[in-house]
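These figures come from a predicted structure and were not determined experimentally.
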Amino acid sequence: MIRNVLGSLVALAGAASAVLSPFRDWYAGRAGQDYRVEDLFGGITAAESGVLVSMLLPFLAAALLVIVGVVLRSRLVVALAGLVVLGFTILWMVRQGQAAGSLVVAGDGSGLQVGVVNALAGGLLMLIGALLMSGRGRRGRRERERERRPVEPYAAPAADQVDTWPPTQEPGMSVQTSPWPEPEVDPYTGPDPHDPRTRSYPQAPPAEADPRDPVHPPHRPPPPPPPPQG
């Protein structure tokens, strides 16, 4: 979010600099709005130009691209606007150098002037703003795709199958129970003779060992009666 805001501000500052540059002097006291766009492809001439068909036209288009890119948070659109500004400015420099024989920077205003600097700086600021922006991000695209997908309910079980319930898909009741076995409770066998707290308690008589049931051994059956004496 912070990167998008910072990149948008830098890109908008670059767009403002590019739009204002045609109203300033570009070369030898001639403003950028005096150069026609068609002169960039046919050669620089001394003919005057209207404002809407001058160097202001591509820069206005680049500024609109920046606004669209900021609204859509599109780094590609903002970068394209910066390339448009830099491309037209460099093309003008090439044509002006061909017309004048060379490009010079002089302090008396007979060479390149501040308007060209504003245009170049505006294009660079647009590119920097595009680099600073983070864009929409993959997370936003995944969320939008998830919203577009139709929500399908769980299919009903077949007639020959027992009722099941997601997510276990195991037959049985729909009540969620613990998967672990219930702990077994040890039967009470009386006080522990080794515990000093219960040592004085009365102890149960020891039961005879029976491997079948050591807790509750069965009673010994009575002895058989003696055989009759005849």
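Separating the CG atom in L120 from the CG atom in L125 is a distance of 11.0 Å, to the nearest 0.5 Å. The CD atom of Q33 sits 9.5 Å away from atom CG of D25, with the distance rounded to the nearest 0.5 Å. In this structure, CE on M133 lies 10.5 Å from CG on L9, to the nearest 0.5 angstrom. If you take CG on L131 and CZ on R75, they are separated by 6.5 Å, rounding to the nearest 0.5 Å. Of the inter-residue distances, the one linking M55 atom CE with L40 atom CG reads 5.0 Å to the nearest 0.5 angstrom. Here M93 contributes atom CE and W26 contributes atom CH2; the two are 9.5 Å apart, rounded to the nearest 0.5 Å.
In this structure, L52 and L57 approach most closely via the heavy-atom pair O-CB, 3.6 Å. Minimum interatomic distance between V78 and A11 (heavy atoms only, all atoms of both residues): CG1-CB, 3.6 Å. Considering all non-hydrogen atoms of both residues, N4 and S134 come closest at OD1-N, 3.1 Å. The shortest heavy-atom contact between F59 and V19 is O-CG2, 3.9 Å. Of all the heavy atoms in A18 and P22, the pair that sits closest is O-CD, 3.2 Å. Annotation for R24 and L20: closest pair CG-O, 3.6 Å, computed over non-hydrogen atoms.
Hydrophobic cluster membership is shared by L12 and M126, with clusters built from Ile, Leu, Val, Met, Phe, Trp and Tyr side chains linked at under 4.5 angstrom. The hydrophobic clustering, which links ILVMFWY residues whose side-chain heavy atoms are closer than 4.5 Å, places W92 and V37 together. Grouping the Ile, Leu, Val, Met, Phe, Trp and Tyr side chains by contacts below 4.5 angstrom, directly or via other members, places I128 apart from V70. In terms of hydrophobic clustering, with Ile, Leu, Val, Met, Phe, Trp and Tyr side chains grouped at heavy-atom distances under 4.5 Å, V94 and L83 are assigned to different clusters. In the hydrophobic clustering of this structure, L91 groups with L112; members are Ile, Leu, Val, Met, Phe, Trp, Tyr whose side-chain heavy atoms approach within less than 4.5 Å, directly or through other members.
Using a 4.5 Å cut-off on side-chain heavy atoms (C-beta onward), V10 and L132 make contact. Side chains of T45 and R36 form a contact here, defined as non-hydrogen atoms less than 4.5 Å apart. With a 4.5 Å cut-off on side-chain heavy atoms, R95 and Y35 do not count as touching. Contact annotation: the side chain of V104 approaches that of Y27 to within less than 4.5 Å [non-hydrogen atoms, C-beta and beyond].
Between the S54 side chain and the D34 main chain, no donor and acceptor come within less than 3.5 Å of each other.
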Full working for side chain to side chain contact (heavy atoms under 4.5 Å, CB included) between L56 and F23: CA-CA 8 Å; L56 179 64; F23 299 98; 3.7 Å; yes
